[in-house]
There are 2 protein chains.
Amino acid sequence: MERLWAVAWLLGEGMQSGLAERGLTLARAELLWQLQRNGACAQSALSAALRVTPRNITGLVDALEADGLVARSAHPSDRRATLVSLTEKGKATTAAMGRDQERFARELFADASSEELASLVGWLDRLLGRIRARLD
Amino acid sequence: MERLWAVAWLLGEGMQSGLAERGLTLARAELLWQLQRNGACAQSALSAALRVTPRNITGLVDALEADGLVARSAHPSDRRATLVSLTEKGKATTAAMGRDQERFARELFADASSEELASLVGWLDRLLGRIRARLD
DNA sequence: TATTGTTATACTCTATAACTATA
DNA sequence: TATAGTTATAGAGTATAACAATA
């Protein structure tokens, strides 16, 4: 199924396009996206969500903090933990990323009928379920 | 279109699974795959095909050569160029990668009817065309 | 004892720039 | 002059291991 490889690769490239123009890498964008979806959280939670080591999160948060996109603060009840949250600039950036993604999706599906879109969405959901089941 | 992001991400993860067990990284696997598809070629051709710098190809070929998966040889007509080709071990490895990919695709589409598969293949081809057009 | 985040260290992928050999 | 591949250097992402502070 060489086609599947190609689609996976090209879809990935497409979804990444525009990040560099915003001064972001894929890893940093994923961290921002996680904060946008689930709100402020401890680095340990980010480590679990992004499936990378705590050390890796330290580096990503350092870089995003230096760019003013996220802020560290004390955890209210656990003095070991550090809360990471989006700054106003970070919120604006994730909103812009969302618009980029929406524009990309709209280009891809510009001439699809609503029945075609419905069938595609069905496929995507089933693929998501199967791949998640396979990875976990 | 958050679903599209998730599918792109999970599909990429799924296609990569198994590489580490074979001692490969994604970048090295892509170079091997290129050689398997198009046969032996100069490093400059690999640089163009993989869309990375010549310096990057040097490093990847160094690593694959050290693992005995590819071999460098003199170009027959251009003494500046270096031909890169798969060794027997490299051919066996790409064949195994192909089987891994096929098994993954079969798992994903195990319970799909042939009409569903046909419609999905149509979608994939159209997506490929659109994304390629957008990237180039 | 276990968890949270850090420092220390190392490997891979990637890039640019300067250089050599060849075309 | 231009191209093919290399050395030199640098930055980003990733990992493991050891450690301090806290739970």
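Because the structure is a prediction, the values reported are computed rather than measured. In what follows, every chain begins at residue 1, and chains take the letters A, B, ... in the order their sequences are listed.
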Minimum side-chain heavy-atom gap A/Q34-A/T94 below 4.5 Å | no
Between A/S77 and A/A63, which has a closest nucleotide on DNA chain D that is more 5'?
-> A/A63
Look only at the side chain of A/T87 and the backbone of A/G68, and say whether a donor-acceptor pair between them is shorter than 3.5 Å.
-> yes
To the nearest angstrom, how far is B/E13 atom CD from D/dT14 atom P?
-> 10 Å
For nucleotides 8-12 of chain D, list the nitrogen or oxygen atoms of the protein found under 3.5 Å from its nitrogen or oxygen atoms, one pair per line.
from  : atom 1 : to    : atom 2 : distance (Å)
D/dA8 : N6     : B/R55 : NE     : 3.3

Rounding to a whole Å, what distance do you find between A/D78:CG and D/dA23:C1'?
-> 7 Å
Between B/L26 (CG) and D/dA15 (P), how many Å, whole number?
-> 15 Å
For atom CG of B/L50 and atom P of C/dA15, their distance in whole Å = 10 Å
Under 4.0 Å between a side-chain N/O of A/T53 and OP1 or OP2 of D/dT14, yes or no?
-> no
Would you check if A/M15 and A/L26 make a side-chain contact, meaning some heavy-atom pair closer than 4.5 Å?
-> no
Round to a whole Å and report the spacing from CZ of A/R51 to P of D/dA15.
-> 12 Å
Under-3.5 Å donor-acceptor pair between B/R80 side chain and D/dT3 base = yes
Between side-chain atoms of residues 54-61 of chain A and protein atoms elsewhere (two or more places apart, or another chain), which donor-acceptor pairs fall under 3.5 Å?
from  : atom 1 : to    : atom 2 : distance (Å)
A/T58 : OG1    : A/P54 : O      : 3.3

Identify which nucleotide among C/dT6, C/dT4, C/dC13 has an atom closest to any side-chain atom of B/N56, counting heavy atoms from C-beta outward.
-> C/dC13
Rounded interatomic separation in angstrom, taking CG from A/D62 and P from C/dA8 = 13 Å
Residue pair A/L83 / A/A40: nearest heavy atoms and the distance that separates them | CD2-C, 4.4 Å
So, is A/T58 near the phosphate of C/dT6, with a side-chain N or O under 4.0 Å from OP1 or OP2?
-> yes
Below 4.0 angstrom from OP1 or OP2 of D/dA4, is there any side-chain N or O of B/T82?
-> no
How far apart are the closest heavy atoms of A/S85 and A/L35, and which atoms are they?
-> C-CD1, 4.3 Å
4.5 Å side-chain heavy-atom contact, B/V52 and B/L46 = no
Base, sugar-phosphate, or nothing: which does A/S44 touch, judged by heavy atoms less than 4.0 Å apart?
-> sugar-phosphate
Euclidean distance, atom CD1 of residue B/I57 to atom P of C/dT16 [Å, nearest integer] | 14 Å
Measure from CD on B/E65 to C1' on C/dT12 and round the result to the nearest Å.
-> 18 Å
Between B/Q43 and D/dT6, does any side-chain N or O lie under 4.0 Å from OP1 or OP2?
-> yes
